[in-house]
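The block underneath contains the structure these notes are about, expressed in structure tokens.
Computation of the quantities below employed the complete heavy-atom set of this structure, encompassing side-chain atoms and omitting hydrogens, waters and symmetry-equivalent molecules.
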Amino acid sequence: MPITENGRKLYTAHENKNIDIAVITINGRFINANNLSFSAFDIDAHALSSSEFVENGGDEGSYVYMLGFPMGLVNINSNSPICRTGCIARIDSNEIETTQKILLDIQNFPGNSGSPIIAKPELVGIEGTKSLHKAALVGIVSGYIPYKERRYDPDEKKIVEVNSENSGIAVANPVEFIREVMQAEDETKCLQRRY
């Protein structure tokens, strides 16, 4: 699917560079006419913003699934992603306002960028607390936080080696930013139809 035409972008990206989300309108008639397999989340019915997630019983420690195609592990003829499990490590309104991210305790690798993060429903909870009772999209993976170990040489009085590894903490943009980009894409398409 082309993402540019005559030098013009066919997609809408979030205006904030910290938010790694872009939206492109897909031709539904083409998908149906060619009997293509296509799955999607209804952003209103099947998704929760960070505040909606917390209001419905989600918090740090809530289990999540990540679906994606990391490291070329999936056969090119397969449409089924790899599923990984983890949990919400940090979902704080102040942090989201500052960084536009939620933190996840989940291993992600190249090929997982853009992977959906789906809340796992929980049937039981601690007495007197809410428990999230439905699966829902809560964000999109944008990367991971690397762990860097520096080796200092006292004789040379400098760092001589830096090793970087995946810390196991992934970062994701929450649903509210997906909704913002979708709204901007809708507005762009409405303007284009008028002119």
Side-chain angles (χ1 to χ4, degrees), residues 1 3-4 9 11-24 39 41 47-51 53-54 58-122 132 135-181:
M1 172 172 203
I3 60 170
T4 60
K9 294 188 300 186
Y11 62 91
T12 301
H14 201 284
E15 61 189 8
N16 183 330
K17 299 300 179 200
N18 285 337
I19 299 172
D20 190 15
I21 298 173
V23 171
I24 190 166
S39 299
F41 292 95
L48 296 170
S49 68
S50 57
S51 61
F53 176 74
V54 171
D59 59 11
E60 283 86 358
S62 292
Y63 289 105
V64 293
Y65 299 108
M66 176 177 65
L67 304 176
F69 298 89
M71 304 179 298
L73 294 174
V74 176
N75 182 304
I76 195 163
N77 296 319
S78 174
N79 289 327
S80 299
I82 289 176
C83 179
R84 309 245 3 205
T85 60
C87 71
I88 299 287
R90 188 82 169 127
I91 187 163
D92 176 79
S93 59
N94 292 324
E95 187 163 328
I96 292 167
E97 188 176 323
T98 304
T99 68
Q100 296 75 47
K101 308 272 193 273
I102 55 178
L103 301 180
L104 309 162
D105 184 358
I106 199 166
Q107 288 281 341
N108 72 316
F109 297 95
N112 277 123
S113 292
S115 290
I117 299 296
I118 301 138
K120 179 182 183 281
E122 307 213 16
L132 188 65
L137 177 70
V138 294
I140 294 180
V141 171
S142 61
Y144 67 86
I145 298 174
Y147 166 72
K148 293 184 179 181
E149 183 177 27
R150 293 168 175 83
R151 192 171 70 98
Y152 181 79
D153 185 327
D155 294 333
E156 294 187 32
K157 295 184 175 27
K158 66 178 183 178
I159 295 172
V160 293
E161 184 178 6
V162 177
N163 291 323
S164 181
E165 297 179 30
N166 187 332
S167 67
I169 301 294
V171 292
N173 295 121
V175 162
E176 52 264 39
F177 301 121
I178 301 170
R179 289 178 175 156
E180 287 177 6
V181 180

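Across all their heavy atoms, A135 and P121 have their closest contact at N-CG, 3.6 Å. Scanning both residues, D20 and S142, for their nearest heavy atoms gives CB-CB, 3.8 Å. Closest of all the heavy-atom pairs between E60 and A89 is CG-O, 3.2 Å. In terms of heavy atoms, I106 sits closest to G86 at CD1-N, 3.7 Å. In plain terms, the two heavy atoms of Y11 and A22 that are nearest each other are CD1-CB, 4.0 Å. Summarising the geometry of S164 relative to P146, their closest heavy-atom pair is OG-CB, 3.6 Å, with the distance given to 0.1 Å.
Checking side-chain atoms of Q100 against main-chain N and O of N173 turns up no donor-acceptor pair under 3.5 Å. Checked by atom type and distance alone, the side chain of N18 never pairs as donor or acceptor with a backbone atom of T99 at under 3.5 Å. Under a 3.5 Å cut-off, the side chain of S115 and the backbone N or O of M66 do not form any donor-acceptor pair.
Residue-environment remark: CD (E97) stays at or below the threshold of 12 foreign heavy atoms within 6.0 Å. Heavy-atom contacts from other residues, nucleotides or ligands closer than 6.0 Å to OH of Y65 number 12 or fewer. Open room surrounds OH on Y63; 12 or fewer heavy atoms of other groups in view lie less than 6.0 Å from it.
Side-chain contact check for I102 versus I117: every heavy-atom pair is 4.5 Å or farther apart. For the pair L103/V171, a side-chain contact is recorded, criterion being any heavy-atom separation below 4.5 Å from C-beta on. Annotation: side chain of L104 is in contact with side chain of I88 (closest heavy-atom distance under 4.5 Å). By the 4.5 Å heavy-atom criterion applied to side chains, S62 and F53 are counted as neighbours. At a threshold of 4.5 Å between non-hydrogen side-chain atoms, the residues K158 and D153 do not count as touching. Residues F177 and N16 are not in side-chain contact: their nearest non-hydrogen atoms beyond the backbone lie 4.5 Å or more apart. Two residues are said to be in side-chain contact when any heavy atoms from C-beta on lie closer than 4.5 Å; R84 and N108 fail this criterion. Considering only heavy atoms from C-beta on, K120 stays 4.5 Å or farther from T85 through its side chain.
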Steps toward side chain to side chain contact (heavy atoms under 4.5 Å, CB included) verdict (L48, V175): CA-CA 6 Å; L48 296 170; V175 162; 5.9 Å; no
Derivation and outcome, side chain to side chain contact (heavy atoms under 4.5 Å, CB included), residues I3 and K9: CA-CA 6 Å; I3 60 170; K9 294 188 300 186; over 6 Å; no
Check against side chain to side chain contact (heavy atoms under 4.5 Å, CB included), I91 and V138: CA-CA 11 Å; I91 187 163; V138 294; over 6 Å; no
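Rounded to the nearest 0.5 angstrom, I96 CD1 and R90 CZ are separated by 9.5 Å.
A salt bridge is absent between E95 and K101; no separation between the charged side-chain nitrogens and carboxylate oxygens falls under 4.0 Å.
Screening V160, N163, V162 for a side-chain contact (heavy atoms from CB on, under 4.5 Å) with R151, the sole residue that qualifies is V160.
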